[in-house]
Amino acid sequence: MSRSLLLVLSLACMLACKRDHEHGAGQGHEHGAGQGHEHGHEHGAAAEPERPDESVTVYQDGLELFMEYPAFVVGQPSPLVAHFTDARDPNGFHVVTKGRVTATLRYADGSEERFVAEKLLRDGIFKPEVRPTKAGEGMLTLRLEGEQVSGTVDVGKVVVHPTVAGAVAAAPPEAVGEATVGFLKEQQWKTQYATAPAEPRVLQGGVRANGELKPVAGQFAELSAPVAGRISVGDKVVHLGQRVRKGEVLVRLLPTSSASGTDLASLEMEAARARAELGLAEREVKRAEEMFAGKAIPEKQLDAARVAQEVAAARVAATERQLALYRSTQSGLAAGPGGAAFELRSPVDGVVSFAEVIPGAVVEAGRLLVSVINPERLWLEARVFEADAPKVERSSGASFSVAGFEQEFAVDEKTGRRVAVGSVVDRATRTVPVIFELPNPDGVLKPGMFAKVTLYTGQTVRGVAIPESALVDDNGRPTVYVMEGGESFFKRAIRPGVRSGGYVQVLEGVKEGERVVSRGAYEIKLSTATGAIPEHGHQH
């Protein structure tokens, strides 16, 4: 073979390889394309155009279906990439992990074709393959059957095209509108995610305020050591969380002698001395008055005697009070050689909220030993700014949220009562306290918890509302993520109105019927900020 012939054959081979490479490029489509291009083309034949992709997002029967698939063409396989989410829990949707899916294509003439995916492609994703046999309009439904959740989703009207070229020609032009943010189903399923529709609601007008849960007045007590003493050994030791009854002995304290004379004998001796000094001072005043009347002493000396009498009387009163305090808690003789003992008794039915009782320990007078609270009812104290104070003067109720709880709590005329509205504005905070009393039967709310409170003003508003949990603070602007499709969202700034019962009125930014991300909005914001959103989707 001549050298020139070898060169010609080599050039021909290179051109053929280049043509094959160009013919096969661009066919490795990602999420939703589904066409494997299994049919080949002979060299020189015109390449068939690609079918356009279609997608749909439907909420029905407690399910969310997000599905992508190539346009239906007679005789051509169209894999339905169907993402199923259990959407029954508004606090967080869940990925479907079990079941089978039947896709039913019902033609206009009443005939049907069914295509089944017996199992998941992977968690949340089924892939039944539809292969239509005749052109025209039809209705598509997907039936999910499983242990976790079952339901039927009506996808709606679909068109089966006679040819791929017809499907391409019928495809709508790509819409140009708001920029979208992507958040894939696989990401949604790994977070606390849910959506909710913007819909009309009747909301109660309210004023926002910060608040705190507190014990009801008279239902909280602190027991301190009235005198220096030793905690009795051998008694049952009170502990945190213990339920106690009113009058129950919590601590027995044996007084100890001290230089300051705080035992019973010293107190009695001090009281007797004070009474004796008072008697002496009274006689001295009487004598001074007689001598002054006889002009035997100056008035100044009489005044000094009277002052000494007043001081002695004050000392008697002080010692009597100290002795009365000692005797008010004294139980009498304790069993054993310890002598007289103090018994600290619970003044209320409730639960021990603080206890520092060590048997045998010596404690100083005034030291806190035990606290008891009745937690069955609590006070909610809201601090309302002075500008809003007139609006809540006759407020009949409020709703509030506390950290760690998804649900909101409410207090109104049925569940509690308004206790008081402050009459004075606090100089430091410029707020007025408003106090409500509410039941706490399960004890889930704790005194000291910080609360975000909405106090009802009595005003009623009807308007489009969304869950308050959908709001995201975006540099000081209230923002939400509105769903365009199952994995794409619009970021929208809104103008909020009245807030009530966990919902917020939307004056601008969201229309009735649009769905917003009610759980997981911050995750979407963080993903976009960190660039964690995949650029081209995921493969199936």
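Sequential numbering from 1 along the given sequence is applied to the chain's residues. Keep in mind that the numbers below use all heavy atoms, side chains included, and drop hydrogens, waters and symmetry copies.
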What are the two closest non-hydrogen atoms of [X] and [Y], and how far apart are they?
X: Asn91; Y: Arg519; value: OD1-NH2, 3.1 Å
X: Val237; Y: Pro359; value: CG2-CG, 3.4 Å
X: Val249; Y: Glu343; value: CG2-OE1, 3.7 Å
X: Glu484; Y: Thr180; value: OE1-CG2, 3.4 Å
X: Leu445; Y: Met449; value: CA-SD, 4.2 Å
X: Pro226; Y: Ala365; value: O-CB, 4.0 Å

I'd like to know whether [atom1] of [X] has more than 12 heavy-atom contacts from other residues, nucleotides or ligands below 6.0 angstrom.
X: Phe220; atom1: CZ; answer: yes
X: Glu413; atom1: CD; answer: no
X: Glu147; atom1: CD; answer: no

So which pairs with a foot in residues 438-453 pass side chain to side chain donor-acceptor pair (under 3.5 Å), sequence neighbours left out?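 Listed once each, the pairs would be none.
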
Before you tell me yes or no, could you show the steps for Glu381 and Arg383 under salt bridge (charged side-chain N to carboxylate O under 4.0 Å, His left out), namely the whole-Å CA-CA distance, both residues' side-chain angles and the distance that decides it to 0.1 Å? CA-CA 7 Å; Glu381 181 178 307; Arg383 307 295 303 190; 3.0 Å; yes

Is a donor from one side chain sitting under 3.5 angstrom from an acceptor on the other, for [X] and [Y]?
X: Lys190; Y: Gln187; result: no
X: Tyr59; Y: Thr195; result: yes
X: Thr102; Y: Arg143; result: no
X: Arg201; Y: Tyr503; result: yes
X: Gln204; Y: Tyr456; result: no

Does any pair with a residue in residues 221-247 pass ring pair (Phe, Tyr, Trp, His ring centres under 6.0 Å), and if so which ones, sequence neighbours excluded?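 Every candidate ring pair (Phe, Tyr, Trp, His ring centres under 6.0 Å) pair involving residues 221-247 fails, so no pair, neighbours aside, qualifies.
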
Among all residues two or more places apart in sequence or in another chain, which pass the ring-ring contact (aromatic ring centres under 6.0 Å, His included) test with Phe405?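 Partners of Phe405 by the ring-ring contact (aromatic ring centres under 6.0 Å, His included) criterion, ordered by chain and then number, come out as Phe409.
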
Output all residues satisfying side chain to side chain donor-acceptor pair (under 3.5 Å) with Glu523, sequence neighbours left out; order by chain, then residue number.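 For Glu523, no residue satisfies side chain to side chain donor-acceptor pair (under 3.5 Å) once neighbours in sequence are set aside.
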
Out of Val81, Leu121, Val101, which residue meets the side-chain contact (heavy atoms from CB on, under 4.5 Å) rule with Pro128?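 Considering Val81, Leu121, Val101, a side-chain contact (heavy atoms from CB on, under 4.5 Å) with Pro128 is found only for Val101.
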
Please walk me through it: do Lys214 and Glu437 pass salt bridge (charged side-chain N to carboxylate O under 4.0 Å, His left out)? CA-CA 10 Å; Lys214 295 185 174 183; Glu437 185 176 322; over 6 Å; no

Less than 4.0 angstrom from a charged side-chain N to a carboxylate O is my criterion; do [X] and [Y] meet it?
X: Lys246; Y: Asp349; answer: no
X: Asp412; Y: Lys414; answer: no
X: Arg499; Y: Glu468; answer: yes
X: Arg515; Y: Glu199; answer: no

Can you check whether [Y]'s main-chain N or O pairs, donor with acceptor, with [X]'s side chain at less than 3.5 Å?
X: Gln242; Y: Val352; value: no
X: Glu393; Y: Pro390; value: no
X: Thr479; Y: Arg477; value: yes

Please verify the inter-ring angle class for His83 with Trp189; under 30° counts as parallel, over 60° as perpendicular, anything in between as tilted.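 Answer is tilted, since the angle falls between 30° and 60°.
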
Can you list every salt bridge (Lys or Arg N to Asp or Glu O under 4.0 Å) pair that touches residues 362-374, not counting sequence neighbours?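 Sorted result for residues 362-374: Glu356-Arg367.
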
Counting only pairs under 3.5 Å, give me each side-chain donor-acceptor contact of residues 489-498, with atom names and distances, residues two or more places apart or in other chains.
from	atom 1	to	atom 2	distance (Å)
Lys491	NZ	Asp474	OD2	3.0
Arg492	NE	Glu178	OE1	2.9
Arg492	NE	Glu178	OE2	3.3
Arg492	NH1	Gly509	O	2.8
Arg492	NH1	Glu514	OE1	3.1
Arg492	NH2	Glu178	OE2	3.1
Arg492	NH2	Glu514	OE2	3.1

